[in-house]
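Report on one structure; see the data block that follows.
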2 protein chains.
Amino acid sequence: MSARVARGRKPASRRSDEQSAHSHQRTRSDHASELAEDYVELIDDLIAETGEARAVDLARRLGVTQVTVTKTIERLKRDGLATSEPYRSIFLTPKGSKLAVEVRERHKTVLEFLRSLGVPAKDAELDAEGIEHHISPATLAAMRRHLRANA
Amino acid sequence: MSARVARGRKPASRRSDEQSAHSHQRTRSDHASELAEDYVELIDDLIAETGEARAVDLARRLGVTQVTVTKTIERLKRDGLATSEPYRSIFLTPKGSKLAVEVRERHKTVLEFLRSLGVPAKDAELDAEGIEHHISPATLAAMRRHLRANA
DNA sequence: GACTATTCTTAGCCTGTGCTAATATCCAGC
DNA sequence: GCTGGATATTAGCACAGGCTAAGAATAGTC
Ligand SMILES: [Mn+2]
Ligand SMILES: [Mn+2]
Ligand SMILES: [Mn+2]
Ligand SMILES: [Mn+2]
């Protein structure tokens with residue numbers, strides 16, 4: 001059948017194996033930062049829109065319970081992205097604010113790009129929320145080029 | 001400052017909150033199926049390339065340990081996507097095979113699409129591995145249109 | 001057919017991200 | 001200034017998906 005079975009030889013660790021492993025590792029790493037990115041973006045939005053970011057509002061926009069939000073905020077605090085006092089609303093550190101700006105910018109670009117491809121608004125919004133976290137600088141630049149070219 | 005603070009009025013659950021929550025829910029749901037998709041695609045690849053899919057090969061291509069692979073295969077079996085006997089290699093059920101074909105096709109489209117945008121091969125491969133799981137049928141169709149138009 | 005290197009399994013651990021139930025605090029309206 | 005409803009916290013649970021260490025089974029080589 002196959003070369004493998006015919007020879008009884010295992011192909012050791014090949015170049016393409018490492019390439020493939022690297023892609024999956026990048027995806028896992030993207031997912032590790034994903035929640036933090038969405039939270040800081042949302043906290044920044046809420047402060048801009050309503051003057052403050054409260055757990056109950058975050059929960060409503062994320063579709064999770066308040067308890068889940070509170071626990072996640074604890075991780076954000078641990079990672080130096082947010083601050084909060086008991087029973088008070090949530091704030092971003094400078095590091096968190098900076099991340100929020102970058103993330104919002106990238107999110108907007110991805111959304112506009114999908115729209116420019118002719119994807120219906122509803123689908124574009126759903127897809128962008130997930131896609132945004134897997135966009136390398138190279139791909140972001142390519143999307144911007146495409147938007148400029150089709151302006 | 002804000003309307004919220006000035007009025008002391010909470011804006012209840014607004015339409016846009018639900019829209020936003022829906023996007024995040026879709027992303028979480030994508031992630032729940034993501035690992036299964038990558039596994040069946042990889043198992044199918046390995047069977048085609050080498051005649052069989054073994055845990056050690058999956059581990060190498062995914063960049064995780066064999067133990068992690070074995071545990072994940074258990075979940076795939078539970079979900080009716082794969083089968084395996086102790087100390088034997090891994091097979092796909094008809095359901096798993098069907099999924100593998102769809103996933104590979106979508107993966108290829110995303111990769112070609114990114115390449116067609118001018119993204120360098122290396123970056124395109126890294127990004128496609130994550131992006132592929134967040135592509136709605138509408139976006140997939142748009143990518144195909146774009147590829148056909150720029151053929 | 002025995003030996004050894006590879007592979008697979010089992011047990012046990014950890015973190016992240018979700019949940020419910022129960023309790024505590026806060027604040028708006030009276 | 002009380003108080004009821006909204007909000008936040010705490011405790012405890014579950015599952016996914018990662019890991020290491022130790023031992024068992026398999027298979028290629030002599
Ligand atoms: Mn976002
Ligand atoms: Mn997102
Ligand atoms: Mn993938
Ligand atoms: Mn993702």
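Hydrogens, waters and symmetry mates are skipped; everything else that's a heavy atom, side chains included, is used. Throughout, a chain's letter reflects where its sequence line sits, starting with A, and its residues are numbered from 1.
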Which residues pass the ring-ring contact (aromatic ring centres under 6.0 Å, His included) test with H146(B), sequence neighbours left out?
-> H146(A), F113(B)
Rounded to whole angstroms, how far apart are CG on D79(B) and C1' on dG17(D)?
-> 14 Å
Please state whether the phosphate of dT7(D), meaning OP1 or OP2, lies under 4.0 angstrom from any side-chain nitrogen or oxygen of R60(A).
-> no
If each of R88(A) and H31(A) is mapped to the nucleotide of DNA chain C with the nearest heavy atom, which maps nearer the 5' terminus, i.e. the 5' end?
-> H31(A)
Specify the separation, in whole Å, of atom CG of L81(A) and atom C1' of dG16(C).
-> 16 Å
In B/S/- notation (B base, S sugar-phosphate only, - none; protein heavy atoms under 4.0 Å), nucleotides 18-25 of chain D written 5' to 3' is BBBB--BS
OP1 or OP2 of dA8(D) less than 4.0 angstrom from a side-chain nitrogen or oxygen of T70(A), does that happen here?
-> no
Rounded to whole angstrom units, what separation is found between the CD atom of E37(B) and the P atom of dG17(D)?
-> 12 Å
Just by modelled atom types, is the E105(A) backbone N or O under 3.5 Å from a matching donor or acceptor in the T109(A) side chain?
-> yes
Find the distance E52(A):CD to dA6(D):P and express it as a whole number of Å.
-> 17 Å
Not counting sequence neighbours, which residues clear ring-ring contact (aromatic ring centres under 6.0 Å, His included) with H31(A)? List them please.
-> H134(A), H31(B)
Whole angstrom value for the distance that separates C1' of dT10(C) from CD of E74(B) = 12 Å
Set of residues satisfying ring-ring contact (aromatic ring centres under 6.0 Å, His included) with respect to H107(A), sequence neighbours excluded | none
Which whole-number value in Å describes the distance from H133(B) NE2 to dA16(D) P?
-> 18 Å
Salt bridge present between D30(A) and R26(A) (N-O < 4.0 angstrom) | yes
When the distance from CG of L58(B) to P of dT7(C) is rounded to whole Å, what number comes out?
-> 13 Å
May I have all residue pairs that pass ring-ring contact (aromatic ring centres under 6.0 Å, His included) and include part of residues 60-88 of chain B, sequence neighbours excluded?
-> none
Set of residues satisfying side-chain hydrogen bond (donor to acceptor under 3.5 Å, both in side chains) with respect to S97(A), sequence neighbours excluded | none
Rounded off to whole Å, could you give me the CD-to-P distance for the Q25(B) and dC19(C) pair?
-> 9 Å
